[in-house]
Every structure is written in C-alpha cells, then in structure tokens.
Amino acid sequence: MFDYIFAYLVYFFGASAVIFGFWMMFSSAKAKYLRDVSIIFIAVLILTPIDAYIGEEYLAPAFFISIYEGIILKGNYGFQRGAAPIFALLAVVLLLYHMGRLIYFFASRKLFRK
C-alpha cells in the first residue's frame, strides 16, 4: 500500500510540474480566458482518477486507462471507461469556472461603481 501511495504522490508532483509548465507558457498570453480554459483542460485530463481495474480499490489516471483499453480492447467499449469521467468532470469544472467569472464580474462591477 505504501508503494501505491508513494507512486501516486510522485505522479501528483509530476502532474503539478506539467500544469505549472503550461501556466508559465501561457502566463504572458493576452487571451486570459483561453489560458484559463486550457489550463483547466490539462489539469482535468491529467488528474481525473478512476478504478484501475473494475472492482478494485486502486485508482489510476483516467486518460492512461482510456488509452490502454482503447488500444487493447476491440469493439465499442474501447476509450469509454476513461473518457466518460474526464468529460463529466470537465463539464462540471468549466461550469463552476464560468459561474465564478460571472459572480466576479457582477461583484467587481458593483464594488467599483461610483
């Protein structure tokens, strides 16, 4: 169990480094909205976990599972098990992001009005 937790911590550190690299790469971009959405997409893609094997308690990154099962399994199932949680979480996170931007827009408009 220690090996599993240690491996996931190393993976989380590597994923954080990748996200930070993308953030540094897009930090000087003039299109802040495009930067934010692309960082959110990369973070959700890398950090979404699902069960490594059906019925087991160990988690694995969903995009690895999706790629593995898409290559190994023939037929309709393929990429679905990993892609479905990624798309669902991406929809939820983008909805929360847009709600936060909308709240910030109305709050800053009211605060700075004279």
Side-chain angles (χ1 to χ4, degrees):
M1 185 68 169
F2 176 74
D3 293 337
Y4 168 73
I5 293 172
F6 184 70
Y8 227 93
L9 285 174
V10 169
Y11 178 78
F12 183 70
F13 178 73
S16 299
V18 168
I19 293 167
F20 181 73
F22 272 94
W23 180 73
M24 290 296 293
M25 192 167 63
F26 290 126
S27 65
S28 63
K30 294 190 189 252
K32 301 294 184 190
Y33 175 77
L34 184 62
R35 178 197 65 192
D36 292 345
V37 170
S38 62
I39 298 290
I40 287 171
F41 179 76
I42 294 296
V44 167
L45 182 70
I46 292 175
L47 295 174
T48 303
I50 60 170
D51 296 334
Y53 296 102
I54 298 174
E56 290 209 9
E57 63 186 38
Y58 296 113
L59 297 175
F63 79 97
F64 281 138
I65 298 296
S66 181
I67 290 172
Y68 174 74
E69 289 183 353
I71 292 172
I72 299 298
L73 296 179
K74 304 291 185 209
N76 295 335
Y77 191 64
F79 296 99
Q80 294 175 3
R81 190 165 80 95
I86 290 173
F87 288 133
L89 189 60
L90 187 63
V92 169
V93 170
L94 285 175
L95 179 70
L96 290 173
Y97 170 74
H98 286 96
M99 285 174 40
R101 279 188 61 115
L102 191 65
I103 290 169
Y104 177 76
F105 173 73
F106 285 123
S108 65
R109 193 172 151 204
K110 215 175 218 184
L111 289 174
F112 296 116
R113 198 182 316 167
K114 290 186 177 186

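Numbers here are sequence positions counted from 1. Keep in mind that this is a model prediction, so the values were computed, not measured.
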Treat each ILVMFWY residue as a node, draw an edge where side-chain heavy atoms are under 4.5 Å apart, and state whether [X] and [Y] are in one component.
X: Leu95; Y: Phe106; value: no
X: Ile42; Y: Val37; value: yes
X: Leu34; Y: Leu45; value: no
X: Met99; Y: Tyr104; value: no

Residues clustered with Leu96, ILVMFWY side-chain links under 4.5 angstrom:
Val92
Taking only residues two or more places apart in sequence or in another chain, which ones pass side-chain hydrogen bond (donor to acceptor under 3.5 Å, both in side chains) with Asp51?
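side-chain hydrogen bond (donor to acceptor under 3.5 Å, both in side chains) check on Asp51 returns nothing, list empty.
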List for me each residue that meets side-chain hydrogen bond (donor to acceptor under 3.5 Å, both in side chains) alongside Tyr97, sequence neighbours excluded, and say none if there are none.
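Once residues adjacent in sequence are excluded, the partners of Tyr97 under the side-chain hydrogen bond (donor to acceptor under 3.5 Å, both in side chains) criterion are Asp36, Arg101.
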Not counting sequence neighbours, list each pair that qualifies as a side chain to side chain donor-acceptor pair (under 3.5 Å) and has a residue in residues 40-50.
none
Just by distance, do the side chain of Ser66 and the backbone of Ala62 share a donor-acceptor pair under 3.5 Å?
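No; judged by distance alone, with no hydrogens or angles, the pair does not exist.
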Give a yes or no answer on whether the side chain of Ser27 reaches the backbone of Met24 with a donor-acceptor pair at less than 3.5 Å.
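Such a contact is found between Ser27 side chain and Met24 backbone.
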Reported [atom1]-to-[atom2] distance for the pair [X] and [Y], which is rounded to 0.5 angstrom:
X: Arg35; Y: Phe22; atom1: CZ; atom2: CZ; answer: 14.0 Å
X: Ile19; Y: Ile39; atom1: CD1; atom2: CD1; answer: 8.0 Å
X: Phe41; Y: Ile86; atom1: CZ; atom2: CD1; answer: 8.0 Å
X: Leu94; Y: Leu89; atom1: CG; atom2: CG; answer: 9.5 Å

Mind checking side chain to side chain contact (heavy atoms under 4.5 Å, CB included) for Ile5 and listing every partner two or more places apart, or none if nothing turns up?
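By the side chain to side chain contact (heavy atoms under 4.5 Å, CB included) rule, Ile5 matches Met1, Leu9.
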Going by the rule side chain to side chain contact (heavy atoms under 4.5 Å, CB included), which residues pair with Tyr68 if we only count those two or more places apart in sequence or in a different chain?
Ile72
Is the shortest heavy-atom distance from the side chain of Leu47 to the side chain of Phe12 under 4.5 Å?
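Yes, side chains in contact.
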Kindly indicate whether the side chain of Pro61, heavy atoms from C-beta on, has any atom under 4.5 Å from the side chain of Tyr8.
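Side-chain contact under 4.5 Å: yes.
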Hey, would you say the His98 and Phe105 ring centroids sit under 6.0 Å apart?
no
Would you say CZ of Phe87 has more than 12 non-hydrogen atoms from neighbouring residues, nucleotides or ligands within 6.0 angstrom?
no
Would you name the heavy atoms of Ile40 and Val93 that are closest together and state the gap between them?
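Between these two residues, the closest heavy atoms are CG2-CG1, 3.5 Å.
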Of all heavy-atom pairs linking Gly82 and Ile50, the shortest is CA-CD1, 3.8 Å
